[in-house]
2 protein chains.
Amino acid sequence: MVKALADENRLRIIRSLAAGKKSVSRIVEDLGISQPLASHHLKELKRALLVTIERSGPFVYYELTDRRIVSILTELNELAAHLLATRKAF
Amino acid sequence: MVKALADENRLRIIRSLAAGKKSVSRIVEDLGISQPLASHHLKELKRALLVTIERSGPFVYYELTDRRIVSILTELNELAAHLLATRKAF
DNA sequence: AAAACATATAAATATATATTGATACGATGG
DNA sequence: CCATCGTATCAATATATATTTATATGTTTT
């Protein structure tokens with residue numbers, strides 16, 4: 001699960017999905033990445049159970065399985081900011 | 001930072017350090033990994049500001065910079081357990 | 001059924017990261 | 001000062017993962 005989070009593009013996808021359910025093409029234009037790349041990362045997120053799928057016509061909508069992931073990532077972000085701000089040296 | 005967490009051995013090191021400051025050799029025997037490998041992972045954790053160093057004679061003690069990382073990892077673990085328990089299919 | 005669109009998969013490549021084995025460095029005790 | 005112990009670094013290798021390009025699959029519309 002942590003590995004699924006350890007990628008810039010997947011974190012961006014999660015951040016994008018925090019606003020709600022989205023189709024693949026919507027994610028593609030939101031992030032400005034190629035469609036196969038988006039598909040690949042969505043597959044990884046799904047494998048980690050972080051997102052769920054919903055088909056509707058030709059569209060496939062992805063949605064966060066559990067919004068707790070967003071708050072956990074927020075905590076991690078705050079911790080990182082704090083560590084950066086208070087570190088002694090580079 | 002998430003990348004620093006995305007490794008089995010590094011998670012084990014953090015779990016081990018949750019009990020308190022430890023020397024490299026202590027970590028090596030705790031985890032049963034080679035000394036260079038432990039050194040390598042400790043370096044990564046340090047790079048991510050997750051651990052701090054303290055030298056004492058020939059020993060180098062590593063310590064968690066901030067214990068919040070432990071609770072965040074606990075939350076992640078609980079979320080993972082929950083997602084696994086409630087998933088619809090494999 | 002053909003065309004158009006949305007998404008997924010496959011193959012190829014590139015890149016990053018983990019691991020091992022050998023060795024260097026630094027501190028300590030004899 | 002030499003030997004030893006703890007730790008770090010280096011080089012080599014293995015493995016995993018991201019990215020791209022091309023193509024396949026499935027759905028809708030006409």
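As a basis for the values below, the full set of heavy atoms in this structure was taken, side chains included, without hydrogen atoms, waters or symmetry mates. Naming: A, B, ... by sequence-line order, numbering from 1 per chain.
- Under the 4.5 Å side-chain heavy-atom criterion for grouping Ile, Leu, Val, Met, Phe, Trp and Tyr, A/Leu45 is not connected to A/Tyr61 through any hydrophobic cluster.
- Listed by residue number, the members of residues 50-58 of chain B with any heavy atom below 4.0 angstrom from DNA chain C are B/Gly57, B/Pro58.
- Taking the salt bridge (charged side-chain N to carboxylate O under 4.0 Å, His left out) definition, one finds that A/Arg47 meets it with A/Glu44, sequence neighbours left out.
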Problem set entry | Nucleotide-resolved protein contact map, nucleotides 19-25 of chain C, B/S/- at heavy-atom distance under 4.0 Å | BBBB---
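- Using a 4.0 Å heavy-atom criterion, one finds that B/Tyr61 contacts no nucleic acid atom at all.
- If you find the closest nucleotide of DNA chain C to A/Val60 and to B/Glu44, the one lying nearer the 5' end belongs to A/Val60.
- For the pair A/Leu37 and A/Leu31, the minimum side-chain heavy-atom distance is 4.5 Å or more.
- Within residues 18-28 of chain A, the residues approaching DNA chain C are A/Ser23, A/Val24, A/Ser25, by heavy-atom distance under 4.0 Å.
- Here side chain to side chain donor-acceptor pair (under 3.5 Å) pairs that include residues 67-85 of chain A, with residues two or more places apart or in two chains, are A/Asp66-A/Arg68, A/Arg68-B/His82, A/His82-B/Arg68.
- Applying the side-chain contact (heavy atoms from CB on, under 4.5 Å) rule to B/Thr65 yields the partners A/Leu83, B/Thr52; only residues at least two apart in sequence or on another chain are considered.
- Rounded to whole angstrom, the span from the CZ atom of B/Arg47 across to the C1' atom of C/dA18 amounts to 14 Å.
- For A/Lys22, the salt bridge (charged side-chain N to carboxylate O under 4.0 Å, His left out) partners are A/Asp30, not counting sequence neighbours.
- A/Ala6 meets the side-chain contact (heavy atoms from CB on, under 4.5 Å) test with B/Val2, B/Lys3, B/Ala6; sequence neighbours excluded.
- Using a distance-only test at 3.5 Å, with no hydrogens or angles considered, no donor-acceptor pair links the side chain of B/Ser56 to the main chain of B/Phe59.
- Not a single side-chain contact (heavy atoms from CB on, under 4.5 Å) links A/Lys43 to another residue, sequence neighbours left out.
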Exercise. Given the rule in the side chain to side chain contact (heavy atoms under 4.5 Å, CB included) test, do A/Thr86 and B/Leu49 qualify, once you have shown the distances and angles that lead to the verdict?
Worked result: CA-CA 10 Å; A/Thr86 66; B/Leu49 307 179; over 6 Å; no
For this session: Determine, step by step, whether B/Ile53 and B/Tyr62 satisfy the side chain to side chain contact (heavy atoms under 4.5 Å, CB included) criterion, reporting the C-alpha distance in whole Å, the side-chain angles of both residues, the deciding distance to 0.1 Å, and the verdict.
Result: CA-CA 5 Å; B/Ile53 283 191; B/Tyr62 282 82; 3.4 Å; yes
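- In this structure B/Ala4 satisfies the side-chain contact (heavy atoms from CB on, under 4.5 Å) test together with B/Ala48, B/Leu50, sequence neighbours excluded.
- Contact footprint of chain A on DNA chain D: nucleotides with an atom under 4.0 Å from a non-hydrogen protein atom, first to last in 5' to 3' order, D/dT17 to D/dT28.
- Among residues at least two apart or in separate chains, side chain to side chain donor-acceptor pair (under 3.5 Å) pairs with a member in residues 4-13 of chain B are B/Asn9-B/Arg12, B/Arg10-B/His41.
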